[in-house]
2 protein chains.
Amino acid sequence: MLDPVSRVRRFNRAVTSAVGALDTSFLGRGRPLGAARVLNAIGHGRADVGEIRDYLGLDSGLMSRLLRSLEDEELIETTAHENDARRRIAKLTAAGKREFNAYEAISNRQAKDFLAHHSQREALLAAMDLIASALGRDATALHEMDPRSDEARYCLGEYYAELARRFKQGFDVKLSRDPDAKDMVRPRGSFIVAMSDGLPLGCVGLKGTSAEYAEIKRLWVAPAARGLGLGRRLMDAAEHAARELGIVLLRLDTNSALAEAGQLYRRTGWTEIPRFNDDPYPDLFFEKRL
Amino acid sequence: MLDPVSRVRRFNRAVTSAVGALDTSFLGRGRPLGAARVLNAIGHGRADVGEIRDYLGLDSGLMSRLLRSLEDEELIETTAHENDARRRIAKLTAAGKREFNAYEAISNRQAKDFLAHHSQREALLAAMDLIASALGRDATALHEMDPRSDEARYCLGEYYAELARRFKQGFDVKLSRDPDAKDMVRPRGSFIVAMSDGLPLGCVGLKGTSAEYAEIKRLWVAPAARGLGLGRRLMDAAEHAARELGIVLLRLDTNSALAEAGQLYRRTGWTEIPRFNDDPYPDLFFEKRL
DNA sequence: AACGATATCTGACTAAAGTCAGATATATGC
DNA sequence: GCATATATCTGACTTTAGTCAGATATCGTT
C-alpha cells in the first residue's frame, strides 16, 4: 500500500508526537527544558562541561548560563578538571540527585505505561531495539572486555541460544571446545563487545592457543543489529588486536548453517582449509594470514 | 541484559536525536519551525484553520500570527468557509506549493537516506510500522468503504496471502465462497477498513445473504497492529453496522489454525454452531444474535 | 431581533532559546 | 617567557514560542 519512504515518514510522524509528549512531561518539574536536559546529562554520568555542550548541541554562552542556573538552585557543583584547570567538571549535589531521580521516575513511568498498554510486549521491544540500533549505528562502540564480565556473558548466552535454534542437532556448549576465558584476555588473546547506549549488540573472541595460530571464536551479532556491518567491524577489531599481540596466523571454525558468517569470512580475505580440530559442531574451517 | 523499561528508554533516546535532526534540517529553509509546521499541515490537505490549530496544539493567537506571516510571504491565502464565515480556510498559493514541495523533498530525502544506509530494509520497515501503529493506536480510525476501493483490496490481498501461509493446504480464493462485493455495501452489508495515518491496518466485511442471517467475512488485522485490540474494534463496528441495517442474526466461519480469531469470537458473545456451508477451508462455525 | 456560543484576530506581555563579540584564565609549543 | 590555542564566562542582544485578555464578526436558537 505505502511505499518504503512513506512508511519511514509515517514512523517519523508517530514518533515526533510521542517525543513531544515526553518533553512536556519534563516541564512538570518547573524547570525549562534546557536546564532539565543538562541536569539529566550530568545525572547520567557526563561530567565534563564541554562534552555535555557537544552532546546537547548548545552554544557555550547558553551552556554556561544553564550551569549557573542549576548552581543557583544548588542542584550541581562545578570544580576545575584536575589536569586542566580551564575545563570544568560538573557533579550533582544531594539535592541534585533527588531531582535527577524524580526525572528518572517520570521517564520510567512513561516507559512502563507504554509497555503496560500493549499486549505485544516482546514484538514491540524487539522492534524498538532494531530501530534504536539502526539509528544509533554510528554510536555503537567496540570495547575490549573480560569474557567473564556481565556484558560478555550476556552475549555468549544469546550466542549459544541462537546456535541451539539454528543447528538441526541443537547445541550443547559442553560438547564444544569451550574456550577458556583466560585464553581470551591479554596477553594471550582478547574479547571484544559492541555496546550501543548500554545494550550489548555483538561480540567476538580472539583465543590464544599453544599452537602457532590463534583462533577467532564466538562471533555473534544481535538480531537487532544485523545488516549494519557490525560483524565486519568486530572482525576487524579482532584482527587489529591479533596484530598488536604479534599473532601472524588466524584460524576459525564455523558451521554452514550460519550462512551470513561464511559469506563474511570469504569476503574479507579468509581462505577455506581442511578440518583442524575434532569439535563436533563445525563443518567449515578458515584461515587468514596477517 | 537490559530490562524492558531500559529498552524503551534506549529507543526514546535514539529517536529523540533523530527527530531533532529532522527538525534542524527543516530550519534550512529560513523559516521558524512553527511556520514550517503550519505550511506543511496545509500542504498535506488540512485546510480548516481550527483543525490545524488542534492538530498542532497551538494557541489561537499564535496560530493567527503564523498564518499572517505565511500570508505576508505569499505562500498561503485564506478565505472564509462557505457555510460558516467565522471559520477560515487556508490554501497554498503557487509559491506555497513550491515551498511545500521543497519541504517534502527534504523529508523524502531523509527517509531515503535512512533506508539506503541499511541492508535490513524489510525488517526495519516492519519494525517501524509496528511502532508507529502502537504509538498511533488512538489515532486508528475505522472507515466504511467500498470493498473494491484500493484500501480494501490491499487488506484483502494481505489477508489471502496470510491464509496461504497459515493453512497447511494453502489457500486459493477461487475455491472459497468469495463474497460478492455488492453484498458488502449498503444496504445489503458493509465493509470497514481501519486506517492509521494513511496505512490500512485491518478490515472486516458484513455480507448480506438471501437467508435470514448476515455473515461476518474477511476479518483481518495487519501484523503491525496486532495486540492493540483492533480486531475487537472492527467486530464491534461490524455489529453496529448490522444493527443499523436491521440484521438480527450473524454467522461466521473460521479455521482453527487462526487461534486468535477463535478466541476473540468466544470472548465476545459468539456461540459455536454446526457447519452451515460447504466451503472447504473453515472448520469452525459461530453465530451471534443481536 | 436578541442572546449566548463559537472562530478568529489583535495587542501587550513573558519566558526560553539562541547568537555573538569580547573578557578571563589556563595550557601548550617553541 | 611569549605567542597562540583552548575552555569557559559575561554582557548585550534577537528570535521564537507561548500566554492571556479582550475585540470583532458570525452562527444557531429562541
Side-chain angles (χ1 to χ4, degrees), chain A residues 16-17 19-42 46-73 76-91, chain B residues 16-17 19-21 23-42 46-73 75-91:
Chain A
T16 303
S17 58
V19 164
L22 188 82
D23 283 354
T24 355
S25 75
F26 264 42
L27 261 28
R29 296 208 59 81
R31 202 165 285 110
L33 212 55
R37 298 210 303 156
V38 172
L39 181 69
N40 276 285
I42 298 169
R46 288 177 205 269
D48 197 295
V49 166
E51 189 201 326
I52 298 170
R53 207 176 47 220
D54 286 351
Y55 170 67
L56 297 176
L58 299 173
D59 172 86
S60 74
L62 184 49
M63 178 74 199
S64 189
R65 259 177 281 270
L66 291 172
L67 283 175
R68 207 77 344 99
S69 82
L70 290 171
E71 267 179 342
D72 290 349
E73 286 192 84
I76 65 165
E77 276 164 356
T78 61
T79 51
H81 187 281
E82 53 178 330
N83 300 324
D84 183 346
R86 292 170 304 182
R87 286 154 72 187
R88 305 239 93 201
I89 299 299
K91 216 182 111 212
Chain B
T16 302
S17 59
V19 164
D23 282 356
T24 348
S25 74
F26 263 43
L27 261 28
R29 297 208 60 84
R31 201 166 285 111
L33 214 54
R37 298 210 304 155
V38 172
L39 181 69
N40 276 285
I42 298 169
R46 288 176 206 268
D48 196 297
V49 166
E51 188 201 327
I52 299 170
R53 207 175 49 219
D54 286 350
Y55 171 66
L56 297 176
L58 299 172
D59 172 87
S60 75
L62 183 50
M63 178 74 199
S64 188
R65 260 177 280 271
L66 291 172
L67 283 175
R68 207 78 342 99
S69 84
L70 290 171
E71 267 179 343
D72 290 349
E73 286 193 84
L75 298 175
I76 64 164
E77 277 165 356
T78 61
T79 52
H81 187 281
E82 53 178 331
N83 301 324
D84 183 348
R86 290 170 306 182
R87 286 153 72 186
R88 305 238 93 201
I89 299 298
K91 217 182 110 208

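Convention: sequence-line order gives letters A, B, ...; per-chain numbering from 1. Everything quoted here is computed from the prediction, not taken from an experiment.
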Quick check on C:dT8: is either OP1 or OP2 less than 4.0 Å from any side-chain nitrogen or oxygen of B:Arg87?
no

Whole-Å distance, A:Arg53 CZ to D:dT6 P, equals 13 Å

Reading DNA chain C from 5' onward, which residue's closest nucleotide shows up sooner: A:Asn83 or A:Gly34?
A:Gly34

Taking any heavy-atom pair under 4.0 Å as a contact, classify A:Arg65: base, sugar-phosphate, or nothing.
base

Can you check the A:Asp84 CG to C:dG29 C1' distance for me, whole Å?
15 Å

Would you mind telling me which of D:dT8, D:dC27, D:dT16 lies closest to the side-chain atoms of B:Ala85?
D:dC27

Over how many whole Å does the gap from A:Leu62 atom CG to D:dC13 atom C1' extend?
14 Å

In whole angstrom, give the distance that lies between atom CD of B:Glu51 and atom P of C:dT8.
11 Å

Taking CD from A:Glu82 and P from C:dT26, how many angstroms apart are they, rounded to a whole number?
16 Å

Measuring from B:Arg37:CZ to B:Leu58:CG, what's the distance to the nearest 0.5 Å?
6.0 Å

I want to verify a distance call: between C:dC9, D:dC9, D:dT8, whose nearest atom is closest to the B:Ser60 side chain?
C:dC9

If you assign each of B:Arg31 and B:Asp59 to its closest nucleotide in DNA chain D, which residue comes earlier from the 5' end?
B:Arg31

Measuring to OP1 and OP2 of D:dA5, would you say a side-chain N or O of A:Arg86 lies under 4.0 angstrom away?
no

For side chain to side chain contact (heavy atoms under 4.5 Å, CB included), just list the numbers for B:Leu70 and B:Arg31, CA-CA rounded to whole Å, side-chain angles, deciding distance to a tenth of an Å, and then say yes or no.
CA-CA 10 Å; B:Leu70 290 171; B:Arg31 201 166 285 111; 4.1 Å; yes

Polar side chain donor-acceptor pair, B:Ser64 to B:Arg68, under 3.5 angstrom
yes

Can you tell me if A:Arg68 touches the phosphate of D:dC9, counting only side-chain N or O atoms and a distance under 4.0 Å to OP1 or OP2?
yes

Inter-residue atom distance A:Thr78.OG1 - A:Glu71.CD, 0.5 Å rounding:
4.0 Å

How long is the gap from OG1 on A:Thr79 to NZ on A:Lys91, to the nearest 0.5 Å?
7.5 Å

Between C1' on C:dG18 and CG on A:Leu56, what's the gap in Å once rounded to a whole number?
14 Å

Separation of D:dT8 atom C1' from A:Asp54 atom CG, nearest Å, is 13 Å

Grab the CG-C1' distance between B:Leu58 and C:dT8 for me, whole Å please.
14 Å

